[in-house]
Amino acid sequence: VIYQDDSVIAFQDIRPVAPVHVLIIPRKHIVSILDFEPDDDALIGRVFQVAGRLARDHGLAQSGFRVVVNAGPDAGQSVFHVHYHLLGGRQMSWPPG
């Protein structure tokens, strides 16, 4: 665990695809981004605040980084608890996938 508070927890991905690959996970169980409710607005904002903090902590603020969330099997979602991937430390390609 590299970060945690009452709303989210973050740790290194066990199968990284970039030099920095951190998972940021809301503590509240939500299956996918399709299942967010209006009351989750602050939680979504908190996830991105934490992503920015971790990006700065990992030296990615100047070079850039990506935050990815997958929704559904065709997008690569294999764990059905919404989570965000903070990726950085290498050149990203576009389009992704």
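If you're wondering where the values come from, they're calculated on a predicted model, not measured in any experiment.
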Nearest-0.5 Å distance, [atom1] of residue [X] to [atom2] of residue [Y]:
X: L60; Y: D57; atom1: CG; atom2: CG; answer: 9.5 Å
X: Q4; Y: I2; atom1: CD; atom2: CD1; answer: 11.0 Å
X: R66; Y: L86; atom1: CZ; atom2: CG; answer: 11.5 Å

Can you list everything that forms a ring pair (Phe, Tyr, Trp, His ring centres under 6.0 Å) with [X]? Sequence neighbours excluded, please.
X: F11; answer: none
X: F65; answer: none
X: H83; answer: H85
X: H81; answer: H29

Hydrophobic clusters here meaning ILVMFWY residues chained together by side-chain heavy-atom distances under 4.5 Å, can you tell me if [X] and [Y] are in one?
X: L87; Y: I9; answer: no
X: L54; Y: V69; answer: yes
X: I33; Y: L23; answer: no
X: V68; Y: V17; answer: yes
X: V8; Y: F36; answer: yes

For residues 73-80, dump all side-chain donor-acceptor pairs below 3.5 Å to protein atoms at least two apart in sequence or in another chain.
| residue | atom | partner | partner atom | Å |
| --- | --- | --- | --- | --- |
| Q77 | OE1 | G72 | N | 2.7 |
| Q77 | NE2 | V31 | O | 2.9 |
| Q77 | NE2 | V79 | O | 3.2 |

Task: Heavy-atom side-chain proximity of V82 to D35 below 4.5 angstrom - done: no

Task: Close side-chain approach of S63 to Q91, heavy-atom, < 4.5 Å - done: no

Task: Nearest heavy-atom neighbours spanning G88 and A18 - done: O-CB, 3.5 Å

TODO: For H21 and P16, work out which heavy atoms get closest and say how close.
DONE: ND1-CA, 3.3 Å

Could you list the donor-acceptor pairs under 3.5 angstrom formed between side-chain atoms of residues 39-49 and any protein atom two or more places apart in sequence or on another chain?
| residue | atom | partner | partner atom | Å |
| --- | --- | --- | --- | --- |
| D40 | OD1 | K28 | NZ | 2.6 |
| D40 | OD2 | E37 | N | 2.8 |
| R46 | NE | D5 | OD2 | 2.9 |
| R46 | NH1 | Q49 | OE1 | 3.0 |
| R46 | NH2 | Y3 | OH | 2.5 |
| R46 | NH2 | D5 | OD2 | 2.9 |

